[in-house]
Structure formats: structure tokens, C-alpha cells
Protein chains: 2
Amino acid sequence: MSASDKAYEHVKTGILAGDIPPGTFVTEGRLAEEIGVSRTPVREALLRLQAEGMVELFPKKGALVTAPTPRETQEIFEARALIEEWAAAQMWPRRADAIPALRAHLDEMADLMRTGDVSAFSAADRAFHEVIVDAGSNSVISRQYSHLRDRQIVIVAGNLRGDKPRMTASLRQHRELLHLLESGTKSQFVRACREHVDYAVGLAGTR
Amino acid sequence: MSASDKAYEHVKTGILAGDIPPGTFVTEGRLAEEIGVSRTPVREALLRLQAEGMVELFPKKGALVTAPTPRETQEIFEARALIEEWAAAQMWPRRADAIPALRAHLDEMADLMRTGDVSAFSAADRAFHEVIVDAGSNSVISRQYSHLRDRQIVIVAGNLRGDKPRMTASLRQHRELLHLLESGTKSQFVRACREHVDYAVGLAGTR
DNA sequence: TGCGCTCATGTTGCATCCACCATAGATGCA
DNA sequence: TGCATCTATGGTGGATGCAACATGAGCGCA
């Protein structure tokens, strides 16, 4: 792995994990020292992250880690809903081959809820949805979706710290989705996907 | 404008205008000399372009300007259709405020078809659609749409060099869209948007 | 005390330098 | 002649140096 990749991973995972919370100013020099590389690869990493909207670069001042505004949050969820609804429709005629993976992620979520590992739970949630989106077989859309989820994590990392009732509700909804995929109709499944995302909007919006 | 931005603009417009056709290898050194800056900002520009999917960086070898594969082309148009259909639906209840801008772009297209400036025609086409997408008031989606169009230009720049019948057909379709927006129904307009993009898929696919 | 100015410090933006690597063409040997 | 190997060249990846700029602390003056 190149030094540039290392810097990128370091900063990005730091942001996504909440170690570098939104609002903090990071500087190339400090990060470079921290990671053990020179400023050049750090600079490249920050540019990439700026392109992704994770940080905002202020000339001669530094990089500000940004959280999505309430407005952007709404927009992200609307975009998610659009893609997930599309993907749900693509699952018909029924794509039974996706079911094992979905079940695996579901089981994982159930386990993680017990142990209370919120960030891993959220990762499993994401993986579940990515299976559905990827089933649409459109890598352009999959990439856009993945990016939306990255952005969303920053919100969630700040908001949802181990909220059992919400996790329970989420788990129930995912179970329902899988159930509908196995034995429901296309329109039922599409609507459930839509409602699932809309529910998440509410969660992110109310706090 | 910073040297980095200058390099970025230079390379990107070069690719979009077809001056740097897909398949060519560019090197940091040569570009740097050409633009009149050092390799550092050029390198940053290439990294940004790689993130956008415009070039592919091969370690120790150089940067390859890539055209979308037929597969990616299909995917781009599918994503476009998804967004445009959504945006079309967002235009109801009727957003009359978008009409003047749409009409202006339409007139521009008519003029440009006469003068035969294909790339400007294509830019006006894009602007027309961006008005509709932007009317959805979702900057996240607008950005994704804009990116899709950037990618699409690379295809078009290689394919559609001044094809009058196609331009005529395109112009007619845009007129129809505007007409439906003014005095059609929501479902008519949405369907027409969908069909318009599907028509474009055919164009890109058949060559 | 309060205001404006200067300067010290921290940070970026960019140029330059060096080491490593990939590759192609030359070279030597069978 | 044909093949393996060696080497010269061109390219990137990364480190470092330097100038320009933003900012805030400290100081002088009214």
C-alpha cells in the first residue's frame, strides 16, 4: 500500500469512526507526523477527501472536517431512497441468489445488537443494503450509493450511539424486507424499501 | 486561480473537448511543461480526475485517459434515466418558474444546430436537462447528475460528430418536453423524460 | 483603558530533488 | 539465429525546501 493510500485510509476511517469529529481542523503537518509519512501523501489524501465532500479545504488555513448540514442530510436520504427503490424494483423477477447474503447480514446484525457494537451493527446494515443495490448490476449506481452511505456514517457517528429501541426497529424492518423478498410481491418489497429509508430519514432528522 | 486548478481545468477540458482522446497516455512531466507549472499540481489534478473516473493511473507508468466501456455507458444512461425520471416527477405540482430557462436553452439549441456547433449544442442540451434536475432542489443528486454528464461527454465527443438528423430529433424531443411541461400531465412528462433518455441510450449503444 | 499596528508563528502551495521501478533495446552466449 | 540477461531511460512516489499568506499576540500610543 502506498503512503498516499495509508494517509487516505487513516483520515477517512478516523472521520467515519468518529475519532476525528466534524468541526475539527486538521493540518497536513500534524497528520503527516501522526501517520509517519511526509506532507505530500497527506495532502493528496485530503484532496481526495475534499472531492468526496468529507473535508473542506481552506487555503493557507487547514482542512475542516465537515458534517452534513440538516439540508444535506435530507438530500442524502432522498438520494438513497431513489436508488434503493430502483434497486428493489430490479430484484424482480425474483433474484433468489441474493437471499443467502442478506440472511447472513441479518444474522450478523442480530448478533451485534446483542453485543451492542453500534458501529459494526451499522456496517452490517449497510452491507445488507449494498447487497440489494449491487443486485441491480450497475456499478455506477453502486458507487454513488456507497458514497452516500459514507457521508451518512458521519451523521450517524454523531447521532446514534447505541440506541437499543432503534436498533430493534431496524432489525425488525430488515427481517420484514427479507421476508417480502422471499414470499412477497414486487410492489410490497419496493414499498417496504421506500418506507425503510423514510424511517431512517426521520431518525436522522429528529436529532 | 491556483496552479493546481489550472492543471485540472487544462486536462479536464482537454479530455471533454476531445483534444486528449481516450486511449492516450499522459505523463505528469509533459503536462507540467505544457501548462507551465511543476509536476506537483499536475499530479494533484490527475488524482482528482482519477477520482472522477476520467483517467486511470498506472503506478510508475502514467495516466491513461479512459473512455467509458459499453457496459459503463449503459450504466451511465440508466443512472441518468433514474435521476431524470425522479426530477421530472418533482416538477409537479407544476413548476412554471423553470420554463423561461428551459425555453432559452431550447432556442440556443435551435441556433446552434443551424451553425452546426456540435459541442455547444451538446452543452445546451445538458444545460436544459440540468435545469430540470436542479428543480428537484437536491444538490447531492444534482452533483451526481452533473458527474454523469461529464462522463457521457467523453462518449459523445468520440461518437456524435455533427449528425444533423440526430440533432433534429433531439431538438424535437426537447420541444416536446417543454410543451408537456407547459400543458401536459405529470405522467406524460415523466414518461417523455424517460423515453428521451432511452433514446439517447440507443444512440450511444449503436455505435 | 482601548485601539491600531507590527511581527512572530503556523500553514499551505508549489518547486525541486532523489530513490525506486518498469520497460525496451542492446549485448553476450549457446 | 534465438534466448536470456543486462543496462539505459523515462516515469512515478515521496521527501524536503522555500516563499507567500493568514492569524493572533504583544506593544505603543492616545
Side-chain angles (χ1 to χ4, degrees), chain A residues 1-16 18-69 143 154, chain B residues 1-16 18-69 151 154:
Chain A
M1 189 199 280
S2 71
S4 177
D5 292 338
K6 201 159 65 172
Y8 176 79
E9 290 295 327
H10 180 94
V11 179
K12 182 156 183 176
T13 61
I15 293 173
L16 295 188
D19 299 333
I20 314 177
T24 52
F25 256 100
V26 294
T27 68
E28 296 174 3
R30 196 170 296 275
L31 285 173
E33 195 180 2
E34 198 174 311
I35 303 168
V37 298
S38 89
R39 270 181 51 220
T40 307
V42 172
R43 179 177 179 70
E44 292 173 356
L46 290 177
L47 285 168
R48 281 162 74 180
L49 290 166
Q50 182 183 40
E52 294 178 23
M54 305 292 286
V55 304
E56 199 170 345
L57 261 38
F58 291 92
K60 315 276 183 183
K61 286 177 62 180
L64 177 65
V65 180
T66 56
T69 60
R143 208 169 6 251
V154 181
Chain B
M1 190 198 279
S2 71
S4 177
D5 292 338
K6 202 158 64 172
Y8 176 78
E9 290 294 327
H10 180 93
V11 180
K12 182 156 182 177
T13 61
I15 292 174
L16 295 188
D19 299 333
I20 314 178
T24 53
F25 256 100
V26 293
T27 68
E28 296 174 2
R30 197 170 295 273
L31 285 173
E33 195 180 2
E34 198 175 310
I35 303 168
V37 298
S38 89
R39 270 182 52 216
T40 306
V42 172
R43 178 176 180 70
E44 291 173 358
L46 289 178
L47 285 168
R48 280 163 75 180
L49 290 167
Q50 182 183 41
E52 294 178 22
M54 305 292 286
V55 303
E56 199 169 345
L57 261 38
F58 290 92
K60 314 278 184 181
K61 286 178 63 180
L64 177 66
V65 179
T66 56
T69 60
R151 256 331 248 166
V154 181

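In what follows, every heavy atom counts, from backbone to side chain, and hydrogens, waters and symmetry copies are set aside. Labels below follow one simple rule: chain letters A, B, ... track the order of the sequence lines, proteins then strands, and each chain is numbered from 1.
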I need the CG-C1' distance between L57(B) and dG11(D), as an integer number of Å. 12 Å

Protein-nucleotide distance (E44(A), atom CD; dG13(C), atom P), rounded to Å: 13 Å

With side chains defined as the heavy atoms from C-beta onward, is the minimum distance between V26(B) and V11(B) less than 4.5 Å? no

Please report, rounded to the nearest Å, how far the C1' atom of dT12(D) is from the CD atom of Q50(B). 13 Å

M54(B) CE to L46(B) CG distance, which is reported to the nearest 0.5 Å: 12.0 Å

Using the side-chain heavy atoms of S38(B), tell me which of these nucleotides is nearest: dA15(D), dG13(D), dC14(C). dC14(C)

For the pair made of CD1 in I35(B) and P in dC14(C), what is the distance, rounded to whole Å? 12 Å

Could you state the atom-to-atom distance from CG of L31(B) to P of dA15(C) in whole Å? 14 Å

Whole angstrom value for the distance that separates C1' of dC14(C) from CG of D5(B): 13 Å

Distances under 3.5 Å between nitrogen or oxygen atoms of protein and nucleotides 8-11 of chain C:
none

Between E52(B) and L49(B), is there a side-chain heavy-atom distance shorter than 4.5 Å? yes

Can you establish whether the number of heavy atoms outside E33(B) located under 6.0 Å from its atom CD is more than 12? no

Could you tell me how far apart K6(B) (NZ) and dC14(C) (C1') are, to the nearest whole angstrom? 12 Å

Return the CD to CZ distance between E28(B) and R39(B), rounded to the nearest 0.5 Å. 4.5 Å

Using whole Å, what does the distance between atom C1' of nucleotide dG13(C) and atom CZ of R48(B) come to? 13 Å

With respect to the phosphate group of dG13(D), does any side-chain polar atom (N or O) of R43(B) fall under 4.0 Å of OP1 or OP2? yes

With a 3.5 Å cut-off and heavy atoms only, can you find an N or O donor on one side and an acceptor on the other between the side chain of R39(B) and the base of dG14(D)? no

Is any side-chain N of the basic residue among D5(A) and R48(A) closer than 4.0 Å to the acidic one's carboxylate O? yes

Min side-chain heavy-atom separation V55(A)-T66(A) under 4.5 Å: no

Tell me which of T40(A) and F58(A) sits closer to the 5' end of DNA chain C, going by the nucleotide each one is nearest to. F58(A)

